[in-house]
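As structure tokens, the structure follows; a few thoughts come after it.
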Amino acid sequence: MKLPALLSLLILMLQEAGTQPYGEGDSYAILHLGDYVLSLDNYEEVIDPSNYDELTDYGDQLPQVKGTSLASLTRTRFTQSTEAARTLPSNPTTARPPTLGLLAAPANHGLPTCLICVCLGSSVYCDDADLENIPPLPQTTAYLYARFNRISHIRAGDFKGLTKLKRIDLSGNSISAIDDKALRLLPALRDLILPENQLVALPALPTSIEVLDVRMNRLQSSGIQPEAFRALEKLQFLYLADNLLDAIPRPLPLSLRSLHLQNNMIETMQRDAFCDAEEHRYTRRQLEDIRLDGNPINLSLFPSAYFCLPRLPTGRFV
Ligand SMILES: *[C@@H]1O[C@H](CO)[C@@H](O)[C@H](O)[C@H]1NC(C)=O
């Protein structure tokens, strides 16, 4: 192991030793990183990235996505593994910090990133790691979690060549700018999760995108390109709540199922915001979840805007 790598490892181990007292007789030390708790004996189970495919808990926002949140999943496993560890005969001479085992595992990919973050299969977990930039990522990365860091800018080259990247979750950073080339060329990107940042504008997006979550930013309507969503024919969930938008973006792709615009500054809408005014027989069955509550708009003023929808938007009808 090279010296810098060894040093970061030592720092990591010292931090863990300082914050995490291990139980007496536990020959299995445990690596903590943010919410994740990993130990040698659950390593094999959690390495399967398919386990993480749909784990994010959107609560009522994404009702069709079922599954435990990652935190509760690891919590369960933590309990199980502690139990397993207790039943093992304690033998201090063979005890060694499993952080070593974990980091020396094949998923290390040889990148320093995997010493600061946890690289498991095709997932990279960098939550709460004080990052100011996107770290260099293994070519095989499909899922990136870098929540609650201090990243302020996504640069054009940050995800370059990551053709397998499916999900980017950068919730709770301070991102105010994303270079236009940073995401547009990612062929596999499905989920772009950016709530609680400082964005005033949306970057160009790849056509593979299915979920775009930009809640709780500072998005203005001028920061959304005209027809920004037209070509996104796979987009199903568009979460733009708690921003500064004063218009409903148009046109919306037919694939859209949820449009969340609550708590913005929308006062009015076009007659064809949702429905094609020329085609009265047409219904838009997919789009059944439109939220406009928390906007200064009287939805009763636009009776001809909803005829194609399976359900009226939520909001003020007065
Ligand atoms: C909302 O619009 C409806 C329909 O035109 C109207 O009757 C109602 O008075 C309006 N309410 C407010 C608070 O402006």
Side-chain angles (χ1 to χ4, degrees), residues 56-65 171-172 174-176 191-205 209-318:
T56 299
D57 189 1
Y58 274 82
D60 63 343
Q61 312 231 13
L62 198 56
Q64 75 295 346
V65 175
S171 306
S174 357
I175 301 165
S176 58
D191 305 337
L192 182 59
I193 313 297
L194 298 166
E196 294 180 73
N197 278 287
Q198 312 282 333
L199 288 169
V200 294
L202 286 183
L205 298 163
I209 203 92
E210 294 175 16
V211 180
L212 177 62
D213 183 347
V214 200
R215 289 169 298 138
M216 293 180 265
N217 275 266
R218 298 179 181 178
L219 276 187
Q220 299 173 6
S221 288
S222 59
I224 299 182
Q225 293 294 312
E227 313 219 332
F229 302 114
R230 184 192 278 282
L232 307 182
E233 290 177 355
K234 294 187 172 160
L235 184 63
Q236 297 185 51
F237 302 95
L238 181 52
Y239 298 132
L240 300 170
D242 298 280
N243 278 287
L244 303 169
L245 300 173
D246 58 15
I248 298 173
R250 277 188 316 150
L252 299 164
L254 289 177
S255 50
L256 201 62
R257 296 167 62 177
S258 286
L259 175 65
H260 286 190
L261 286 163
Q262 64 271 33
N263 308 322
N264 276 282
M265 295 160 52
I266 298 164
E267 286 181 28
T268 186
M269 74 168 80
Q270 306 288 324
R271 232 179 112 217
D272 61 350
F274 311 113
C275 307
D276 182 345
E278 305 299 312
E279 181 47 279
H280 276 265
R281 279 168 308 176
Y282 152 84
T283 57
R284 191 168 182 156
R285 291 188 195 288
Q286 303 262 52
L287 185 51
E288 48 181 340
D289 173 29
I290 302 177
R291 290 194 56 180
L292 282 164
D293 41 302
N295 283 279
I297 186 170
N298 177 356
L299 293 175
S300 306
L301 292 173
F302 310 94
S304 56
Y306 317 119
F307 68 86
C308 69
L309 298 176
R311 206 172 290 169
L312 288 173
T314 58
R316 219 156 42 102
F317 286 91
V318 277

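Side chains are part of it too, since the values below use all heavy atoms of this structure and drop only hydrogens, waters and symmetry mates. Numbers here are sequence positions counted from 1. Atoms within a ligand are numbered from 1 in the order they appear, just like the ligands themselves. Here the structure is a predicted model, which is why all the values come from computation and not from measurement.
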I would like to know whether Leu235 and Leu205 meet side chain to side chain contact (heavy atoms under 4.5 Å, CB included); could you show each step before the answer?
CA-CA 10 Å; Leu235 184 63; Leu205 298 163; over 6 Å; no
Passes side chain to side chain contact (heavy atoms under 4.5 Å, CB included), Leu202 versus Leu212? Steps please.
CA-CA 10 Å; Leu202 286 183; Leu212 177 62; 4.2 Å; yes
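In this structure, atom 6 (C) of ligand 1 lies nearest to the protein heavy atom Val318 O, 3.8 Å. Closest to atom 5 (O) of ligand 1 among all protein heavy atoms lies Leu301 CD2, 3.2 Å.
By the 4.0 Å N-to-carboxylate-O rule, Glu210 lies too far from Lys234 to be salt-bridged with it.
Within the 4.0 Å heavy-atom criterion, the part of Asn298 lying near ligand 1 is the side chain and not the backbone.
Just one residue in the list Asn243, Asp293, Asp242 forms a side-chain hydrogen bond (donor to acceptor under 3.5 Å, both in side chains) with Asn263, and that residue is Asp242.
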